[in-house]
Participant: 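Take a look at this one; I'll ask things after.
In what follows, residues are counted from 1 in the order of the sequence shown.
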Amino acid sequence: MSPLLYYALPALGSYVMLSFFFLRRPRLLHTPWVPAFRPRLGAHRGGSGERLENTMEAMENSMAQRADLLELDCHLTRDGVVVVSHDKNLFRQTGVNRDVGSLNFEDLPLLKEELEVYFSPGHFARGADRHMVRLEDLFRRFPQTPMSVEVKERNEELIHKIAGLVRHYDRNEITIWASEKSSIMKKCKAANPEMPTSFTLSRGFWVLLFYYLGLLPFISIPEKFLICFLPTIINRTYFPFSRSGLNQLAAVVAKWLIMRKSLIQHLQQRGVQVVFWCLNEESDFEAAFNLGATGVITDYPTALRCYLDSRGPPALAS
């Protein structure tokens, strides 16, 4: 055996054993986050499978099913109103080819009478309420309900207005900053650092890399939520790529990388709550909770409520 291997192999073995030990016992190195709430049932776009997405009617319907979290996206109108809308352009939702930012709030068009459910292709939602709502209206109507607010564009006025509304309605602990882009999340945290944050895409990739390198137990994690898609929905209800071959490959690779119970248990023990989206079938609910997820975000809150009630109360985290 060469001198290099003579020293390297024992060092590598010790590192692997330490990494494995602290992966299962992270509280020996880190004080876990204490959650202000635990979202078991999250309503995607307010529950867009049962009522028209992001309407007050959809939110009310989800709350009737005892939703723990309302998931929504925000944009800014021309007159500076923070409006709840998934899309920047209104064509898909209303048939009017205008951006939210080009219209005053009072001039926003009504939603279509029916909208296809994005994560349930071929299924449509309808509702009596076709009006878009202000974020402030939701804060007033549901003052104690946790919400995840996603910011999709680098609009500092929008970010600061959301941060100000959260402070005004005393919602710092129960409103989550969400964004796919780290550059946007940086501005969000600067605008209101008291709000909990979720992982961006790049931060999620880093966590996976650290996990497979054995470094995850030794790094700090400032985020309190990992809101992640469940890989098994790719190529079935979620099609991130235009080519079927790429979707099939993404499904296999993402499932192998992400569906690791030891990873999710490690994050949970550190107080990072793992929530999977956007799940609309009981088999997917089962897969998520069997992995140890805190909760699920769905378009169909009634179906998820029936599933949760059939399982009984959740086990307490150790």
Participant: For His44 and Asp299, which I'm curious about, is there any donor-acceptor pair between the side chains at under 3.5 Å?
Facilitator: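 Yes, side-chain donor-acceptor contact under 3.5 Å.
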Participant: Hey, could you give me the OG/CG distance between Ser48 and Leu72, rounded to the nearest 0.5 Å?
Facilitator: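 Answer for the OG-CG pair, Ser48 versus Leu72, is 11.5 Å.
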Participant: Looking at Ser179 and Met185, would you say the former's side chain and the latter's main chain have a donor-acceptor pair under 3.5 Å?
Facilitator: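 Checked: no pair found.
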Participant: Stepwise, does the side-chain hydrogen bond (donor to acceptor under 3.5 Å, both in side chains) test hold for Tyr300 with Glu281?
Facilitator: CA-CA 9 Å; Tyr300 297 94; Glu281 298 180 15; over 6 Å; no
Participant: As an exercise, state the distance from CD of Gln248 to CD1 of Ile234, rounded to the nearest 0.5 Å.
Facilitator: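 If I round to the nearest 0.5 Å, the distance is 11.5 Å.
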Participant: With no hydrogens and no angle check, is any side-chain donor or acceptor of Trp177 less than 3.5 Å from a backbone partner on Cys188?
Facilitator: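 A pair under 3.5 Å: yes.
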Participant: Within this structure, what is the CZ-CG distance for the pair Phe142 and Asp137, rounded to the nearest 0.5 Å?
Facilitator: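 Rounded to the nearest 0.5 Å, the CZ-CG separation comes to 10.5 Å.
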Participant: Would you say the rings of Trp277 and Phe119 are close, in the sense that their centroids are separated by under 6.0 Å?
Facilitator: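 Yes; Trp277 has its ring centre under 6.0 Å from that of Phe119.
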Participant: From His160 NE2 over to Ile162 CD1, what is the distance, rounded to the nearest 0.5 angstrom?
Facilitator: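 That separation rounds to 11.0 Å.
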Participant: Between Phe37 and Phe225, is the ring centroid distance below 6.0 Å?
Facilitator: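 Distance test on ring centres: under 6.0 Å, yes.
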Participant: According to a 4.5 Å side-chain heavy-atom criterion applied to Ile, Leu, Val, Met, Phe, Trp and Tyr, with indirect links allowed, do Val100 and Val149 form part of one hydrophobic cluster?
Facilitator: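 No.
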Participant: Please check: side-chain N/O of Ser120 versus main-chain N/O of Val117, any donor-acceptor pairing under 3.5 Å?
Facilitator: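 Such a contact is absent between Ser120 side chain and Val117 backbone.
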Participant: Is any side-chain heavy atom of Asn54 less than 4.5 Å from a side-chain heavy atom of Leu111?
Facilitator: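 No, too far: nothing below the 4.5 Å cut-off.
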Participant: How long is the straight-line distance from CG of Leu41 back to CZ of Arg66, given to the nearest 0.5 Å?
Facilitator: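 Between atom CZ of Arg66 and atom CG of Leu41 there are 8.5 Å.
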Participant: At their closest point, which heavy atom of Thr145 faces which heavy atom of Arg171, and how far apart are they?
Facilitator: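 Scanning both residues completely, I find the closest heavy atoms to be O-NH2, 2.7 Å.
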Participant: Counting only N and O atoms by type, is there a donor-acceptor contact under 3.5 Å from the side chain of Lys187 to the main-chain atoms of Glu156?
Facilitator: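 No: the side chain of Lys187 does not pair with the backbone of Glu156.
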Participant: Can you confirm whether Pro222 sits close enough to Thr197 that some side-chain heavy atom of one is under 4.5 Å from a side-chain heavy atom of the other?
Facilitator: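 Of all side-chain heavy-atom pairs linking Thr197 with Pro222, none is under 4.5 Å.
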Participant: Taking atom types as modelled, is there a side-chain donor on Asn280 or Thr298 under 3.5 Å from an acceptor on the other?
Facilitator: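 Side-chain D/A pair, Asn280 to Thr298: present.
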Participant: Quick one: CD1 on Ile297 to CG on Leu230, what's the gap to the nearest 0.5 Å?
Facilitator: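 Taking CD1 in Ile297 and CG in Leu230, the distance rounds to 12.0 Å.
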Participant: Main chain of Pro32, side chain of Arg27: is a donor-acceptor contact present, judged purely on distance under 3.5 Å?
Facilitator: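 Not a single qualifying donor-acceptor pair exists.
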Participant: Just by modelled atom types, is the Leu158 backbone N or O under 3.5 Å from a matching donor or acceptor in the His75 side chain?
Facilitator: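 A pair under 3.5 Å: no.
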Participant: Side chain of Glu53, backbone of Arg45: donor and acceptor closer than 3.5 Å?
Facilitator: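 Here the side-chain-to-backbone pair does not exist.
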Participant: Quick check: are there more than 12 heavy atoms from other residues, nucleotides or ligands sitting under 6.0 Å from CG of Asn290?
Facilitator: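 Yes, CG of Asn290 has more than 12 neighbouring heavy atoms, counting only those of other groups under 6.0 Å.
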Participant: Using only atom types and a distance under 3.5 Å, with no angle test, would you say the side chain of Arg260 pairs donor to acceptor with the backbone of Trp256?
Facilitator: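 Flag set: sc Arg260 to bb Trp256 pair under 3.5 Å.
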Participant: Answer yes if the side chains of His168 and Glu136 hold a donor-acceptor pair under 3.5 Å, and no otherwise.
Facilitator: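 Result is no, nothing qualifies.
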Participant: Counting distance only, does the side-chain N/O of Asn247 pair as donor-acceptor with the main-chain N or O of Phe241 below 3.5 Å?
Facilitator: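 Between the backbone of Phe241 and the side chain of Asn247 there is a qualifying donor-acceptor contact (under 3.5 Å).
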Participant: Should the heavy atoms of other residues, nucleotides or ligands under 6.0 Å from CZ of Phe20 be counted, would the total exceed 12?
Facilitator: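 No - once you tally the heavy atoms of other residues, nucleotides and ligands closer than 6.0 Å, there are 12 at most.
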Participant: Would you say the side-chain atoms of Trp33 pair up with the backbone N or O of Gln273, donor to acceptor, closer than 3.5 Å?
Facilitator: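 Between the backbone of Gln273 and the side chain of Trp33 there is no qualifying donor-acceptor contact (under 3.5 Å).
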